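What follows is a single structure, written as structure tokens, with notes after it.
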Amino acid sequence: FHNCFSAARTGSSRCPRGGVAVYLANTLPPSTVWKQRKQDGVLWIRVSLEGVMLFIAVCYLPPKNSGGYPFEKVEWWFQELAAEITEARQQGMVIVAGDFNARVADDPDFPEQFRMDRSWNTLDLEEDLDASRSTRRSCDQHVNEQGKRLLELCQETGLRIANGRTCGDEVAAATSVGKDGKGKSVVDLFLCCPKAMLLVSKLLVSQKMAPNMDHNSVFMDLNLAFID
């Protein structure tokens, strides 16, 4: 790796409570931080690939029952992320990844009228594709409050959830087993704009969990040969 960007949360304890980081392989062009909200667990980088700007955000939103959950500003958290996504989409492709602690089942991540009427079109969705508006499948059929808000975010910004509709993860596999090891929730997600979704060649959820962890690793491969 030739570059690492990180945004660690500050907290009242000696150790920061959570945070995000991006490591870039030395085979990729140099990247820069575009935006960061350390206290909110959001970090954006941008990288130029074959003349096309790619914006990548990594996010962490704590679970509602934890001390780090932003009770008073969770709606603001989503609004800020939506505004950043909209700004980034005006300049290039967008991928948002992270642990949102949002369970979305297989509910639609695009507007209902867009799902029913294939000719329906808006500026935000005019580049959308059959593959990215197809029905998702998931092993987790529960929807929580953060999941509902994340689905609204996708509908507002035109991003699509890659989990459960891509090669290697045709039925979204569980990414978290919970502290007791008995859970089966899909909360670690990749969201892509339609053009970025075209580049996704595979998404895999690791079946082997690292020691002392309650989340599986999630890998998404992009085929950069399809960049135009």
Side-chain angles (χ1 to χ4, degrees), residues 7 18-22 40-45 54-64 66 69-70 74 77-82 84-85 88-89 93-110 128 131-178 183-207 209 213-222:
V20 292
V22 177
D40 301 314
V42 177
L43 171 67
W44 284 89
I45 65 165
L54 173 63
F55 293 82
I56 302 173
V58 288
C59 309
Y60 174 63
L61 183 61
K64 194 171 182 179
S66 76
Y69 185 76
V74 65
W77 190 93
F78 278 105
Q79 289 174 354
E80 282 294 297
L81 184 58
E84 292 162 355
I85 291 170
R89 285 203 64 186
M93 296 186 297
V94 175
I95 295 175
V96 179
D99 176 5
F100 299 91
N101 281 291
R103 302 175 70 178
V104 297
D106 51 14
D107 284 10
D109 52 1
F110 43 83
D128 218 332
S132 66
R133 63 187 179 190
S134 60
T135 302
R136 287 181 301 107
R137 294 187 294 167
S138 177
C139 73
D140 180 5
Q141 288 301 299
H142 182 75
V143 179
N144 62 9
E145 193 173 319
Q146 288 175 218
K148 292 177 182 177
R149 190 59 188 89
L150 187 71
L151 290 168
E152 290 175 0
L153 173 85
C154 291
Q155 294 170 4
E156 293 166 7
T157 62
L159 297 195
R160 301 289 173 260
I161 299 170
N163 305 61
R165 58 156 58 101
T166 53
C167 178
D169 194 51
E170 290 83 359
V171 178
T175 66
S176 174
V177 297
K184 255 193 171 181
S185 58
V186 181
V187 293
D188 304 279
L189 304 169
F190 280 96
L191 318 177
C192 304
C193 71
K195 279 190 174 180
M197 189 73 83
L198 269 180
L199 305 181
V200 178
S201 58
K202 185 181 295 184
L203 192 151
L204 293 174
V205 178
S206 172
Q207 298 304 305
M209 196 170 293
M213 298 291 289
D214 59 0
H215 286 253
N216 298 90
S217 299
V218 185
F219 304 90
M220 188 173 77
D221 292 344
L222 302 179

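Starting from 1, each residue takes its place in the sequence as its number. Everything quoted here is computed from the prediction, not taken from an experiment.
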Task: Evaluation steps, side chain to side chain contact (heavy atoms under 4.5 Å, CB included), between Leu54 and Val94 - done: CA-CA 6 Å; Leu54 173 63; Val94 175; over 6 Å; no

Please determine if [X] and [Y] form a salt bridge, counting it only when a charged side-chain N lies under 4.0 Å from a carboxylate O.
X	Y	answer
Arg136	Asp109	yes
Glu170	Arg165	no
Lys148	Glu145	no

Kindly indicate whether the side chain of [X], heavy atoms from C-beta on, has any atom under 4.5 Å from the side chain of [Y].
X	Y	result
Val143	Val104	no
Trp77	Cys59	yes
Asn144	His142	yes
Cys193	Arg89	yes
Val22	Leu43	yes
Trp44	Glu84	yes
Asp140	Lys184	no
Ile95	Leu222	yes

Straight-line distance of [X] [atom1] to [Y] [atom2], nearest 0.5 Å:
X	Y	atom1	atom2	result
Leu153	Leu191	CG	CG	7.0 Å
Phe110	Thr157	CZ	OG1	13.5 Å
Leu81	Leu150	CG	CG	8.5 Å
Asp188	Asn163	CG	CG	8.5 Å
Phe190	Thr166	CZ	OG1	9.5 Å
His215	Ser185	NE2	OG	7.0 Å

TODO: For the pair Ser176 and Asn216, evaluate side chain to side chain contact (heavy atoms under 4.5 Å, CB included) and give the outcome as yes or no after the intermediate values.
DONE: CA-CA 6 Å; Ser176 174; Asn216 298 90; over 6 Å; no

What's the shortest heavy-atom distance between [X] and [Y], and which atoms?
X	Y	value
Phe78	Gln146	CZ-O, 4.0 Å
Val218	Thr175	CG2-CG2, 3.8 Å
Ile161	Leu189	CG2-CD2, 4.3 Å
Pro194	Gly158	CD-O, 3.6 Å
Asp99	Asn101	OD1-N, 3.1 Å
Ala174	Val205	O-CG1, 3.4 Å

- [ ] Go through Met93 and Leu199 one step at a time and tell me if the side chain to side chain contact (heavy atoms under 4.5 Å, CB included) criterion holds.
- [x] CA-CA 10 Å; Met93 296 186 297; Leu199 305 181; 3.7 Å; yes

- [ ] Apply the test side chain to side chain contact (heavy atoms under 4.5 Å, CB included) to residues Val171 and Ser138: give CA-CA distance (whole Å), side-chain angles for both, the deciding distance (0.1 Å), then the verdict.
- [x] CA-CA 5 Å; Val171 178; Ser138 177; 5.5 Å; no

